[in-house]
Amino acid sequence: MLLFQDILELITSEARKHIETVNEKDVIFDPTEHAHITIRLIRYQKENNFKPKMEAIKEDVEKMPFVKSIKFESGYLNINLDSSYLYRAISESIETTGTFPDSFQDPERVSVEHTSTNPTGPIHMGRIRNSIIGDSLSRLISRYGYRVVTQYYVNDSGKQMISLYLGYEKFHKGEPMTEEILLDGYRKIYEYLEKVGSEGEVENLMELYEKGDGDLISKVREIAQVMLDRIVEDMKALDIHMDEFTWESEFITTGETKEVVSRLSESLHDENGAKYIDVPDVRKIFLMRGNGTSLYLTRDIAYHMYKFSQYDRCIVVVGEDQKEHGKVMKYIMNDLLEYPNSLEYLFYGMVGLESGKMSTRKGTGVYARDVYKQLVEKAREEVIKRYKDGEDVDDISRKIAVSSLRFYMLKVSTSKPITFKWEDALDFNGETAPFIMYSYTRAGSILKKVTTSGKADFKDMKEEEEALLVEMYKYPYKIIEAYRNLKPEVLTNYLLVLSRKFMRFYENCNIMGEETNISNRRVEIVKMFMKIMKDASYLVGIEHVDRM
RNA sequence: GGGCGCGUGGCCAAGCCUGGAUAUGGCAACAGCCUCCUAAGCUGUAGAUCAGGGGUCCGAAUCCCCUCGCGCCCGCCA
């Protein structure tokens, strides 16, 4: 959990002394420009004795150390904060703990499963959204104070993998197993199957596989590994790291799918030898085929049983096309198997193309690595425009590319579908990662040029300084909001707002050539800003550079 | 057909969970700002029946119902 002084809560409890039903929703950072914090009392206005109660609240709140002023305006008690208090609160936290807000390690173990894309080809823009959301989510939960492990479920069984294998065997047998060759075989096998019209070959192999044929399983796994290595490489380029890989085939070879079926035996029904369960409000869900082989869901249950043995809380990041699958899993794990562990899903909206859907098989996908490469190129051009010299150009370009791609995927609510457009992805102006990075760079360049000594004082605090301080003080609340709702996008939006507030500060509050007391104070504000920026940016994968 | 979700200026989004003060930003457009800490920026102008209709409420972009439009799901696939 986070450790910081929750002034909203303090104000709430103060208000409650006089009007008992005031709750945390009534005391908020004011979204309009009337005040820093407001207490919404509109709905109490018509009650008896409202005025004396309101006056009493006003009087008590006014005495609070962080309150500069408070006045009643059309149903609201509008509070302006003492920005020197905020300044000290933030700087003390940073001085004593090295961070703002500080956090306390919770013993609960959390698993975040993400990406888990079939290793049948390079990761495309649809799937990379999963990785980016999942990685940011794991950073966020860890920042909040939990021990987090990220997990990739490697789907090396099933029709698509068998097809990939068959494509190689049929069209490229003996050739080196490279991504390119495997992909070529994959496309050819689908064309072949469509022409010949017989999927019998695939089905026979699947059955063989399902029965646990060691030779076949290891061959398929070898191919999967080749593809997976490239996927991991692509993720690594975006600073996405997976802690653990679990192979689906292991649940077949170890017989754990059989364990699943026996544990669920009481709920199983029979249909021509196949076994299914009835999931309320859904339909018949099959766990065993008539021929005795398992299905994807069966293996996924086994995987979740494994996860539940290791983690208290399991979060799965998957596309919204799997909402029903998630519902079924929850029902099975919590209601039928009665696990107490928490299973949560973050369903994200699909990434489409202007021309339609992405498909590796059909070759209509846009690969993440291609977008990344283009971003690096574009970034390099932009950097060179500004600085002809320097060995750091590669590093800067890389960081801009990583940040831009991650930001692009997170700026819109994760639950909303997005349409990938090259033009938008490559845009560096407006609400983009470079905007956020640029505010940090500007802050840094002040520190390079200004030396401070001595004390700061708080006279003549400008509006832009106060606004920046208040915004920084909101940071813990933003982490909490993002964490509770599993919404990393709360932080990208926060970063935009914070950067914008800084830009205004930068434009309006001079530091060089200012009176020392004031410039000392502003320099400290700049330092705090950079600290919080770096902290929040890390959570969503935005990196910072000294110059750009 | 059934289920789930979405619909906010020309375009893209925030706000919706937890109802309240003039609906917040960006892109594009127009007009300005670099003898001064990086103009990837800042300031200003213009632009909105919050899909439509009904309901609840003192009060609705936000909650409920209906209609329309769009997306996703409805395999002994994964």
Side-chain angles (χ1 to χ4, degrees), chain A residues 23-26 28 30-35 38 40-43 45-46 73-76 78 116 118 120 155 157-161 206 248 271-276 281-297 299-300 319-325 327 347 349-350 352 379 382-383 385-387 400 411-413 415-419 421 423-424 427-439 441-450 484-485 487 489-490 492-493 496-497 499-500 503-504 506-514 519 522-523 526 547-548:
Chain A
N23 59 47
E24 62 280 2
K25 287 170 222 151
D26 296 320
I28 53 166
D30 184 35
T32 69
E33 268 141 46
H34 294 83
T38 193
R40 294 196 285 219
L41 295 175
I42 314 172
R43 63 178 147 165
Q45 271 190 114
K46 285 182 183 163
E73 291 167 305
S74 57
Y76 298 81
N78 286 330
S116 300
N118 292 350
T120 51
N155 225 288
S157 335
K159 206 177 192 170
Q160 294 188 46
M161 282 310 303
M206 277 176 75
E248 187 177 355
E271 189 177 291
N272 305 324
K275 308 286 183 203
Y276 69 89
D281 304 321
V282 185
R283 62 197 152 91
K284 289 178 186 173
I285 299 290
F286 284 84
L287 290 180
M288 275 291 167
R289 295 192 182 91
N291 66 9
T293 57
S294 68
L295 284 123
Y296 166 75
L297 176 70
R299 273 116 52 188
D300 205 17
E320 65 179 348
D321 53 345
Q322 295 196 51
K323 271 190 178 169
E324 193 178 83
H325 177 75
K327 191 174 173 183
F347 297 106
M350 303 280 112
E382 295 293 324
V383 174
K385 253 189 230 169
R386 294 162 176 84
Y387 301 97
I400 290 173
K411 71 174 168 183
V412 176
S413 293
S415 62
K416 289 199 177 181
I418 53 178
T419 302
K421 287 178 192 150
E423 193 194 342
D424 295 347
D427 192 5
F428 289 164
N429 295 308
E431 293 175 330
T432 64
F435 172 77
I436 292 165
M437 296 172 74
Y438 187 55
S439 71
T441 307
R442 281 181 135 184
S445 77
I446 293 172
L447 299 188
K448 273 186 223 160
K449 298 197 173 158
V450 181
R484 288 205 179 132
N485 301 304
K487 283 186 170 188
E489 69 268 32
V490 167
T492 42
N493 285 318
L496 282 175
V497 173
S499 301
R500 200 173 292 128
M503 291 293 193
R504 296 207 178 119
Y506 181 91
E507 304 274 348
N508 290 290
C509 304
N510 219 37
I511 292 178
M512 283 175 75
E514 194 57 74
S519 82
R522 289 182 181 163
V523 165
V526 169
R547 61 175 200 170
M548 61 185 283

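Chain letters run A, B, ... following the sequence lines, proteins first, then strands; residues in each count from 1.
In RNA chain B, consecutive stretches of 3 or more Watson-Crick or G-U wobble pairs with both distances under 3.5 Å are given as paired ranges: B:1-7 with B:68-74, B:10-13 with B:24-27, B:29-33 with B:41-45, B:51-55 with B:63-67.
To the nearest whole angstrom, the two C1' atoms, one in B/rA13 and one in B/rC6, are 14 Å apart. Distance noted for atom P between B/rG5 and B/rA28: 36 Å (whole Å). To the nearest whole angstrom, the two C1' atoms, one in B/rC12 and one in B/rG47, are 15 Å apart. B/rG20 and B/rC16 have their P atoms separated by 8 Å, with the value rounded to a whole Å. The gap from the P atom of B/rG53 to that of B/rU45 amounts to 31 Å, rounded to the nearest Å. For the C1' atom pair drawn from B/rG15 and B/rC50, the interatomic distance equals 11 Å after rounding to whole Å. Only the C1' atoms considered, B/rC65 is 33 Å distant from B/rG25, to the nearest whole Å. B/rG52 and B/rA60 have their C1' atoms separated by 16 Å, with the value rounded to a whole Å.
Taking 4.0 angstrom as the limit, A/Arg289 places a side-chain polar atom (N or O) nearer than this to OP1 or OP2 of B/rC77. Between B/rU38 and A/Arg547, no contact under 4.0 Å exists linking OP1 or OP2 to a side-chain N or O. Within the 4.0 Å cut-off from OP1 or OP2 of B/rU24, not a single side-chain nitrogen or oxygen of A/Arg500 is found. Taking 4.0 angstrom as the limit, A/Arg504 places a side-chain polar atom (N or O) nearer than this to OP1 or OP2 of B/rU43. Remark: A/Tyr438 is in phosphate contact with B/rA40, judged by side-chain N or O atoms under 4.0 Å from OP1 or OP2.
In this structure, A/Tyr76 packs face-to-face on the six-membered ring of B/rA21, meeting both the 5.5 Å centre cutoff and the 30° plane limit.
Both A/Thr441 and A/Asn291 lie near RNA chain B, and the one whose nearest nucleotide falls closer to the 5' end is A/Thr441. The 5' end of RNA chain B is approached more closely, in terms of each residue's nearest nucleotide, by A/Ile42 than by the other of A/Thr432 and A/Ile42.
Annotated as syn: B/rC34, whose O4'-C1'-N torsion sits within 90° of 0.
Residue side chain A/Asn78 reaches the base of B/rA21 through a donor-acceptor N/O pair under 3.5 Å, judged by distance alone. No hydrogens or angles were tested; on distance alone, a donor-acceptor pair under 3.5 Å links the side chain of A/Arg386 to the base of B/rA40. Contact of A/Tyr387 with B/rU38 (side chain to base): a donor-acceptor pair of N or O atoms is detected under 3.5 Å.
In this structure, the nucleotide among B/rG41, B/rC58, B/rC37 sitting nearest to the side chain of A/Lys46 is B/rC58. Here the nucleotide nearest the side chain of A/Arg442, chosen from B/rG26, B/rC76, B/rU38, is B/rU38. Among the nucleotides B/rU22, B/rA78, B/rC74, the one closest to any side-chain atom of A/Glu324 is B/rC74. Proximity note for A/Phe435 (side chain, C-beta onward) versus B/rC42, B/rG75, B/rC76: the nearest is B/rC42. Comparing atom distances between the A/Val383 side chain and each of B/rA21, B/rC37, B/rA40 picks out B/rA40 as nearest.
For residues 282-297 of chain A, the salt bridge (Lys or Arg N to Asp or Glu O under 4.0 Å) pairs, not counting sequence neighbours, are A/Glu271-A/Lys284, A/Arg283-A/Glu324.
For A/Asp321, the side-chain contact (heavy atoms from CB on, under 4.5 Å) test picks out A/Met350, with sequence neighbours left out. When the side-chain hydrogen bond (donor to acceptor under 3.5 Å, both in side chains) test is applied to A/Glu73, the partners found at least two apart in sequence or on another chain are A/Asn78. Take A/Phe428 and apply the ring-ring contact (aromatic ring centres under 6.0 Å, His included) test, not counting sequence neighbours, and it matches no residue. Residues satisfying the side-chain hydrogen bond (donor to acceptor under 3.5 Å, both in side chains) criterion with A/Thr492, sequence neighbours excluded, are absent altogether. Scored by the side-chain hydrogen bond (donor to acceptor under 3.5 Å, both in side chains) test, A/Thr432 finds no partners at all (sequence neighbours excluded). By the side-chain contact (heavy atoms from CB on, under 4.5 Å) test, A/Thr32 pairs with A/Asp30, A/His34, sequence neighbours left out.
Residue A/Ile400 is in base contact, counting any heavy-atom pair closer than 4.0 Å across all strands shown. Within 4.0 Å (heavy atoms only), A/Thr38 reaches at least one base atom of the nucleic acid.
The two atoms that bring A/Arg522 and A/Asn510 nearest to each other are NH1-O, 2.7 Å, heavy atoms only.
B/rU38 atom P lies 11 Å from atom CD1 of A/Ile511, rounded to whole Å.
In this structure, A/Lys411 does not pair ionically with A/Glu431, as no charged nitrogen and carboxylate oxygen lie closer than 4.0 Å.
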Each nucleotide in nucleotides 5-18 of chain B should get exactly one letter: B, S or -. Can you fill that in based on protein heavy atoms under 4.0 Å? --S-----SSS-BB

